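Report on the structure given below.
Letters go in sequence order (proteins before strands), and every chain restarts at 1. Computed from a predicted model, the values in this text were never measured in an experiment.
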There are 2 protein chains.
Amino acid sequence: MERPRWLDEREQSAWRGYRRMRRLLDLELARELMRDAGLSEPDYDVLSDLAETPDRRLRLSELADRMLWSRSRLSHHLTRMQQRGLVTREECAADGRGAVVALTAEGRRAVEAAAPGHVAAVRRHLIDLLTPDEIAALDALTHRVVDHLTGPDDARR
Amino acid sequence: MERPRWLDEREQSAWRGYRRMRRLLDLELARELMRDAGLSEPDYDVLSDLAETPDRRLRLSELADRMLWSRSRLSHHLTRMQQRGLVTREECAADGRGAVVALTAEGRRAVEAAAPGHVAAVRRHLIDLLTPDEIAALDALTHRVVDHLTGPDDARR
DNA sequence: GACATCTGGTTGACATGTCATCAATCTGCC
DNA sequence: GGCAGATTGATGACATGTCAACCAGATGTC
């Protein structure tokens, strides 16, 4: 192994800041979402992804891919949400193995009630604290990193 | 509730990019760290925080605060790490209730073996993909958000 | 000094996420 | 058609994180 190139001071500071922000932002957004809407962040993500599809229903594998979740995790989480009446499972006509998740009326009500407050929280704790330039930089940089990580496997060693 | 100010296109894109990056970066760094060093990210964080203190030991509450973990979580995690021989618990001379975590020789070996590879991964998947300006922007913006979130409670509504 | 209260840490019950495995079904190939 | 192998989703065992209750020792008040 070559001699490691450690992070310089600025890089170190950015990396630590990123991780600290990540943690604090997560905690706060989750806290407010639970307090104001009774939903966890994973709940909200599932519901809002479903609410955005034309049919308000998706194949499990499709949803899992969008959310970057394992199928197992999604399956477990959906059974919990199903028990709370937020979603239902349906058979898939096109593929006998497949299943489809659909938003229930109650699930729809839940996201619609939660969304304004959640967006406001994202603004309050992140977006509105940044300059337009910073938002542009964040946009560019995150997408570059995402592209790198989803590129050909050998790019990841 | 006032009419919500939704995110505009750029803001939306930055927010989604951030969350996607967060997830993918996490998965990849955790995957490599486990594969190359047999440590989880929480393991690594505990060990490297300890390794950086002059005495290689810390009060539990101090460590919990630095890591933004609950005491309960830290306590559970330390008993697991203790069973693997990475850390030990000691009594605290100054406060009869208190406890101190100390790095074992093995724990020290583990971080020192893990660190170069982990730093390299952070470079490869994040730092080295950014321009100096972007690093500076990330540094500034994350710290501003952190300061906001750790400021007076009423700033958070 | 004695009592009430606070604080540091542990614990157990429970929620959530991961991993390996399984059954059903689909696909490609003969 | 029929079989081998791949894919889809469910499931159970286990690892990890959260929450509330608890104990022991510190601190404050009279």
_Under a 3.5 Å cutoff, is there a donor and acceptor pairing between the side chains of His76(A) and Arg73(A)?_
no
Please report, rounded to the nearest Å, how far the [atom2] atom of [N] is from the [atom1] atom of [X].
X: Asp95(B); N: dC6(C); atom1: CG; atom2: C1'; answer: 12 Å
X: Gln82(B); N: dT11(C); atom1: CD; atom2: P; answer: 10 Å
X: Glu91(B); N: dA26(D); atom1: CD; atom2: P; answer: 11 Å
X: Met81(B); N: dT10(C); atom1: CE; atom2: P; answer: 14 Å
X: Leu74(B); N: dG8(C); atom1: CG; atom2: P; answer: 13 Å
X: Arg71(B); N: dT7(C); atom1: CZ; atom2: P; answer: 9 Å
X: Leu78(B); N: dG8(C); atom1: CG; atom2: P; answer: 16 Å

Locate the shortest heavy-atom distance separating [X] from [Y]; write the atom from each residue and the value.
X: Arg123(A); Y: Trp6(B); result: NH2-O, 2.9 Å
X: Arg23(A); Y: Leu68(B); result: NH2-O, 2.8 Å
X: Leu39(B); Y: Ala114(B); result: CD1-CB, 3.9 Å
X: Thr104(A); Y: Gly85(A); result: OG1-O, 2.7 Å

*Under 4.0 Å between a Lys/Arg side-chain N and an Asp/Glu carboxylate O for Asp95(A) and Arg97(A)?*
yes
[N] phosphate, OP1 or OP2: any side-chain N/O from [X] under 4.0 angstrom?
X: Ser75(A); N: dA10(D); value: yes
X: Arg59(A); N: dG9(D); value: yes
X: Arg89(A); N: dA10(D); value: yes

*How does protein contact run along nucleotides 13-24 of chain C, one letter per nucleotide 5' to 3', with B for base contact, S for sugar-phosphate only, - for none, heavy atoms under 4.0 Å?*
---SSBBB---B
*Report the distance from atom NE2 of His77(A) to atom CG of Asp43(A), rounding to the nearest 0.5 Å.*
4.0 Å
*Among the candidates dG9(D), dT10(C), dG8(C), find the nucleotide nearest to the side-chain atoms of Leu60(B).*
dT10(C)
